[in-house]
Visitor: 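Following this message is one structure expressed as structure tokens.
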Amino acid sequence: MFYALHLLAASTAANPLVLGLTIFALAIFVGIEIITKIPPTLHTPLMSGSNAISGITLVGAVLASGEYPGFAKLLGFIAIILATINVVGGFLVTHRMLEKFKSR
Amino acid sequence: MFYALHLLAASTAANPLVLGLTIFALAIFVGIEIITKIPPTLHTPLMSGSNAISGITLVGAVLASGEYPGFAKLLGFIAIILATINVVGGFLVTHRMLEKFKSR
Amino acid sequence: MSRAWVDLVYLIAAVLFILGLKGLTHPRTAVRGNLMGAVAMLLAVLVTLVDQQVLGAGVFGYFLIFLGMAIGTGIGVWLAITIRLESMPELVALFNGLGGAASFVVAGAYVWANDHSGPEAIGLEISFATAASGLIGAVTLTGSLVAFAKLAGHPLLKKMPLIPNSTVVNAIAGGVTLLLALLCAVSRSYDLWFWVLVLASLGLGYCLTISIGGADMPVVIALLNSYSGLAAAATGFVLENNVLIIAGSLVGASGLILTQIMCKAMNRSLTNVLFGTLGPTGDTKDADEVYQNVKATGPDEVAMLLDVARRVVIVPGYGMAVAQAQHAVRDLANFLMDKGIEVEYGIHPVAGRMPGHMNVLLAEADIPYELLKEMDEINTSMEQTDVCLVIGANDTVNPDARQANSAIAGMPIIDADKARTCVVIKRSLSPGFAGIPNPLFSADNALMLFADGKQAVLDILSALKEG
Amino acid sequence: MSRAWVDLVYLIAAVLFILGLKGLTHPRTAVRGNLMGAVAMLLAVLVTLVDQQVLGAGVFGYFLIFLGMAIGTGIGVWLAITIRLESMPELVALFNGLGGAASFVVAGAYVWANDHSGPEAIGLEISFATAASGLIGAVTLTGSLVAFAKLAGHPLLKKMPLIPNSTVVNAIAGGVTLLLALLCAVSRSYDLWFWVLVLASLGLGYCLTISIGGADMPVVIALLNSYSGLAAAATGFVLENNVLIIAGSLVGASGLILTQIMCKAMNRSLTNVLFGTLGPTGDTKDADEVYQNVKATGPDEVAMLLDVARRVVIVPGYGMAVAQAQHAVRDLANFLMDKGIEVEYGIHPVAGRMPGHMNVLLAEADIPYELLKEMDEINTSMEQTDVCLVIGANDTVNPDARQANSAIAGMPIIDADKARTCVVIKRSLSPGFAGIPNPLFSADNALMLFADGKQAVLDILSALKEG
Ligand SMILES: NC(=O)c1ccc[n+]([C@@H]2O[C@H](COP(=O)([O-])OP(=O)(O)OC[C@H]3O[C@@H](n4cnc5c(N)ncnc54)[C@H](OP(=O)(O)O)[C@@H]3O)[C@@H](O)[C@H]2O)c1
Ligand SMILES: NC(=O)c1ccc[n+]([C@@H]2O[C@H](COP(=O)([O-])OP(=O)(O)OC[C@H]3O[C@@H](n4cnc5c(N)ncnc54)[C@H](OP(=O)(O)O)[C@@H]3O)[C@@H](O)[C@H]2O)c1
């Protein structure tokens, strides 16, 4: 009969680092291709808007604060404050700027 | 003491389907962004060149033919032939076309 | 090699594929781009050969693999070398079909191997992926073969049954096949079901394409190109192999965008191409009526016109490809330019039978691509043009497109009729792909030169040299 | 919620981030794009709140989370609402720093939590990621704070020690920190080492930025923007969280490209910006020598010139931002346009202190962006321009850039000197950012209007209304 066959894929688990790198590389390409299409007019909003996006660490901060005990929870709490300022402030200020562009 | 803490990430394995979808979505974006930048002059070579790339199933065919037993091995063998024609023919014919463009 | 290292090399291959496509964004870097793609493929295949799972294949296993590759390489090289550039669309269609076939065969191998190792061996997610791979791959195969046969004008095609009420039949076939795919996925792709699905999909591919007009085949090919990529991606989901997913998606996106571009250039929706009918509408004027006023001319007269022109625009179409007139056209243009006459080419996005068709032919004849102007650009200077030389183009210069009730209403055209004089070279008054008469041919400033494209150009050139 | 579902929502969020950025490619869709980004963020955060791992946090845990968010939202809203648009660069720098800080603090929390659950609890790969997160995040924090202080002209900055031999010191600091990061990674990020690394990186960030000229800060901010993204991505590797990786990489790419664009527009390399010195070279002409021939003018004369002009080009620069003259400029332009005079704006890519700085200010004053022309476009029509009104621009209109031995040699400029008459509004003959004299000011066709930008424009306008 057939020798023990596992699922081709499941037989050896994918390495998370390599997966991360794959996603990283693809996202960098997406970023480069899209950003080069953004006209100079919008470079300042782009800067503050992408800055707000970098506040995505907020997700990590929530995970840390929720899951970890003791001192790590406190660190998570601090990170939440910092990241939230970045996110909320960033999107809001970008919105304020872009509103000016929209009026026409 | 701290309650049993596994690695945040390793504690629940990532779902391969979702990972695949993530990579799929990113690659589609990369494709769209790059292809829209290709000038009409090069649309025929693009068609045959991307066609050659779709022969990447050759990798799957090699895996199937190498790993599987019996009838599946035969199927892998057939797939290898088909995919190789696609790959070799595709890249070669694209090269022939592009050579004409290069001369200047 | 361990999975992690193999995957890392796959990642490098994927990046090379992307950089290769980026290379195609400029003629200067295009050759390198294509080579990069080839290197990426080589890399991916080589690393697969030393993958843990393949290493156990033994001598016989490796023998099979190399044999398969050798056969495939032989056939591939032979096809690529013997093909004439004019037949490129057919060849791409054929390769497409083979790629789609390879995808569903691999999925089939996976199903067979895992199905026999016990029930429920295939996870639900993977089962959906195999069904997708079977469906898309098989549709791609027969669809591409039909497209190939139509473009090559294969005699066998005439014997094939046409499908009456094609829209209804297609809808039913499509519905049944989708249902089957769903069943197949939910039942975890048991071997038999999978092949039933493949058979049904093969039929579906045939049904969907057989009733599409031959001239719409380029759109179909681009779409099938997209499918072959998606089939590869689906197989990538089956094997949980990222390089398949990435490369497949890139191709999927590429085909989709080409399809879109072509549809836009013809001002038709994809649905209309796939399911609609193209042809004279009720309002179309009768050919006899349109062609009351046609003025024929000869090579000598055209040579005289060109001799005194300051600016000439050459508008090639499908007929130039048929006549293989590109080298003659280049010689004519060079002769004119040596005399100090300004010569440019006006390239319509869907002139010919595949996107960029004219560019490839003209590039083959060593015509600098700086001289090839896109439609919008050439149209701005058409009124300053003394002679517009239309060679085997028809629909792409049909001013009827400006009429709201025309069959090609709204399709952007090259304004050949706006030049001071317009000379049209074609063999007869027979219509182009859209099957409608062309009022340009009887315009006051138009002259018809009835001849084969290549011969006509050669005749004009010798008349010029003598004159 | 199970990991798979959470990850799926993360995927949706990632796609929304990408679509949001795509929205920013056009002013019309930009607001929606930004909102999409915000929705993506909300989605990602909401789904995290119901993630399995967070659900165990209990009432106190959730209280902390919501408290943190409330505090952060309060501060964020306050900062965003109270800031004047002119101070945008500072604010972006500040937010940047906070983002970087959040990244390394999360990595620190991870290290602390896992370090105490036994040796070797942290895999080598993750350990590298934590080190990267600590390094990049901390450099981003202090680097951004220095940039913030410099741009805001904070008095504290003057008391800060400048670093002698900065290149050497920077090299050593960089080397030591990198070594530390490597140690930290190989030793699997034991708690203490991680914080030592963070401390060193904080120092490094300070060293690297403190010696860069205040006017180069925009480039530095764009670069730090890129870093803050990379820090988030590194944290994503630590937590094996794909939405962090994707969003972080997008920001990383964005910052990098903005940096590149700015460097290109200044014709300087990034290394030159970061480590080089900018300033008069040996060959620079003396200001007194250059300015022998300066002709001053008043608002009335300028009003007369404008009154008879057919075409006026307004070239704003950093001085317009300082004087907050954008509303006055709009009123002047509207007045002229109502009189039938053609008015356009010439926008240099690095006018002002951040990319697109002028566009934001002019948009704030409701000036239609169709009137804002990029450098290359406006230069083609400069010779047909009767009056070029330069408001607070200096380096970006300095014809010295065309001289090979100039400190700004090769920097593309707006050809204000090629207009029939060029009126320059600034307060004095003092130099702009590059610190070199500007031969435009003493050109034959140039008139200087020495005044604050806003006041000068208002004076011209009232002179026009009276005249
Ligand atoms: N390029 C694409 O990607 C694409 C895709 C889908 C559809 N299409 C369709 O294809 C059409 C292309 O337009 P087109 O203007 O290039 O061509 P066309 O409208 O198809 O007309 C071609 C003309 O060439 C003439 N011809 C054929 N053989 C010739 C020869 N040996 N010497 C001289 N003339 C010859 C034919 O007239 P005679 O028989 O009288 O000589 C015919 O009228 C459009 O309708 C377009 O929508 C193109
Ligand atoms: N935009 C960016 O992204 C960016 C990034 C990095 C570097 N830079 C650099 O920044 C410079 C920008 O050039 P630029 O031409 O916009 O400006 P600039 O060369 O910096 O000159 C600004 C001028 O505005 C005048 N000014 C200041 N306050 C004023 C007021 N209240 N009213 C009227 N005039 C006033 C100043 O002269 P007075 O003091 O005599 O009034 C000064 O000469 C370039 O060198 C560029 O390389 C820009």
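So that the names make sense, note that chain A is the first sequence line, chain B the second, and so on, each numbered from 1.
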Visitor: Is it the backbone or the side chain of D:Leu224 that comes under 4.5 Å from a heavy atom of chain A, or both, or neither?
Guide: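 For D:Leu224, neither part sits under 4.5 Å from chain A.
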
Visitor: If you measure from CG on D:Leu64 to CG on A:Leu74, what distance do you get to the nearest 0.5 Å?
Guide: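 It comes to 8.0 Å.
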
Visitor: Any donor-acceptor pair under 3.5 Å linking the side-chain atoms of D:Ser133 with those of D:Ser103?
Guide: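 D:Ser103 vs D:Ser133: no donor-acceptor pair found between side chains.
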
Visitor: Using side chain to side chain donor-acceptor pair (under 3.5 Å) as the criterion, point out the one residue from D:Thr48, D:Asp51, D:Asn242 that pairs with D:Tyr10.
Guide: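 So the option named by the test is D:Thr48.
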
Visitor: Shorter than 4.5 Å, heavy atoms on both sides: which option in D:Leu230, D:Thr29, D:Thr73 has the most such pairs with chain A?
Guide: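 Ranked by contacts with chain A, first place is D:Thr73.
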
Visitor: Measure the CD1-OG1 distance between A:Ile80 and A:Thr84 for me, rounded to the nearest 0.5 Å.
Guide: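 OG1 of A:Thr84 is found 6.5 Å from CD1 of A:Ile80.
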
Visitor: Sort A:Leu21 into side chain, backbone, both or neither according to what part of it lies under 4.5 angstrom from a heavy atom of chain D.
Guide: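 Contact with chain D is through both the backbone and side chain of A:Leu21.
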
Visitor: Quick check on the interface: out of D:Asn96, D:Ile347, D:Ile221, who has the most heavy-atom pairs with chain A under 4.5 Å?
Guide: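 The residue among D:Asn96, D:Ile347, D:Ile221 with the greatest pair count is D:Asn96.
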
Visitor: Which atoms of D:Ile18 are under 4.5 Å from chain A, going by heavy atoms: the side chain, the backbone, both sets, or neither?
Guide: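 Contact with chain A: backbone and side chain both.
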
Visitor: Output the option from A:Leu58, A:Leu19, A:Val87 having the highest count of non-hydrogen pairs under 4.5 Å with chain D.
Guide: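 Of A:Leu58, A:Leu19, A:Val87, A:Val87 has the most heavy-atom pairs under 4.5 Å with chain D.
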
Visitor: CD1 of D:Ile257 to CD of A:Glu33: how many Å apart, nearest 0.5 Å?
Guide: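 Answer for the CD1-CD pair, D:Ile257 versus A:Glu33, is 8.0 Å.
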
Visitor: Out of D:Leu49, D:Leu67, D:Leu372, return the one with the most heavy atom pairs under 4.5 angstrom to chain A.
Guide: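 Looking at each option in turn, the highest pair count goes to D:Leu67.
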
Visitor: Under a 4.5 Å heavy-atom cut-off, does chain D meet the side chain of A:Val59, its backbone, both or neither?
Guide: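 Both the backbone and the side chain of A:Val59 come within 4.5 Å of chain D.
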
Visitor: Let me know if D:Met41 has heavy atoms under 4.5 Å from chain A in its side chain, its backbone, both or neither.
Guide: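 Only the side chain of D:Met41 comes within 4.5 Å of chain A.
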
Visitor: For D:Glu374, is it the side chain, the backbone, both or neither that has a heavy atom under 4.5 Å from a heavy atom of chain A?
Guide: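 Looking at D:Glu374, just its side chain touches chain A.
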
Visitor: Is D:Ala30 close to chain A through its backbone or its side chain, or both, or neither, when contacts mean heavy atoms under 4.5 Å?
Guide: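 Both backbone and side chain.
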
Visitor: Count the heavy-atom pairs under 4.5 Å between each of D:Leu24, D:Thr235, D:Leu250 and chain A, then report the option with the highest count.
Guide: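 Winner by heavy-atom pair count: D:Leu24.
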
Visitor: Measure the spacing between CZ of A:Phe24 and CG of A:Leu17 and express it to the nearest 0.5 Å.
Guide: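 A:Phe24 CZ to A:Leu17 CG: 11.5 Å, rounded to 0.5 Å.
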
Visitor: Can you tell me which portion of A:Ile32 sits under 4.5 Å from chain D's heavy atoms? Options are side chain, backbone, both or neither.
Guide: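 Both backbone and side chain.
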
Visitor: With respect to chain D, which residue among A:Ile28, A:Thr41, A:Val30 yields the maximal number of heavy-atom pairs within a distance under 4.5 Å?
Guide: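 Answer, by heavy-atom pair count under 4.5 Å with chain D: A:Thr41.
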
Visitor: Against chain D, work out which of A:Thr94, A:Asn86, A:Val88 has the most heavy-atom pairs shorter than 4.5 Å and name it.
Guide: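 Option with the top pair count is A:Asn86.
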
Visitor: Which one of D:Ile246, D:Ile71, D:Leu244, D:Ile75 has the most heavy-atom pairs closer than 4.5 Å to chain A?
Guide: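 Answer, by heavy-atom pair count under 4.5 Å with chain A: D:Leu244.
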
Visitor: Relative to chain D, which segment of A:Ala52 carries a heavy atom at a distance below 4.5 Å: side chain, backbone, both, or neither?
Guide: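 Just the backbone, heavy atoms under 4.5 Å.
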
Visitor: Please list all pairs meeting salt bridge (Lys or Arg N to Asp or Glu O under 4.0 Å) that have one or both residues in residues 45-63 of chain A, counting only residues at least two apart or in different chains.
Guide: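 Sorted pair list comes back empty.
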
Visitor: For each of D:Gly229, D:Ser228, D:Gly236, D:Gly61, tally heavy-atom pairs with chain A at distances under 4.5 Å, and name the one with the top tally.
Guide: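 Counting heavy-atom pairs under 4.5 Å, the top option is D:Ser228.
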
Visitor: With only heavy atoms counted, which part of D:Asn34 is less than 4.5 Å from chain A, the side chain, the backbone, both or neither?
Guide: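 Contact with chain A involves both backbone and side-chain atoms of D:Asn34.
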
Visitor: Roughly how far, to the nearest 0.5 Å, is the CE atom of A:Met47 from the CE atom of D:Met88?
Guide: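 Taking CE in D:Met88 and CE in A:Met47, the distance rounds to 11.5 Å.
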
Visitor: Counting only heavy atoms closer than 4.5 Å, note whether A:Ile34 contacts chain D via side chain, backbone, both or neither.
Guide: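 When you check distances to chain D, atoms from both the backbone and side chain of A:Ile34 fall under 4.5 Å.
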
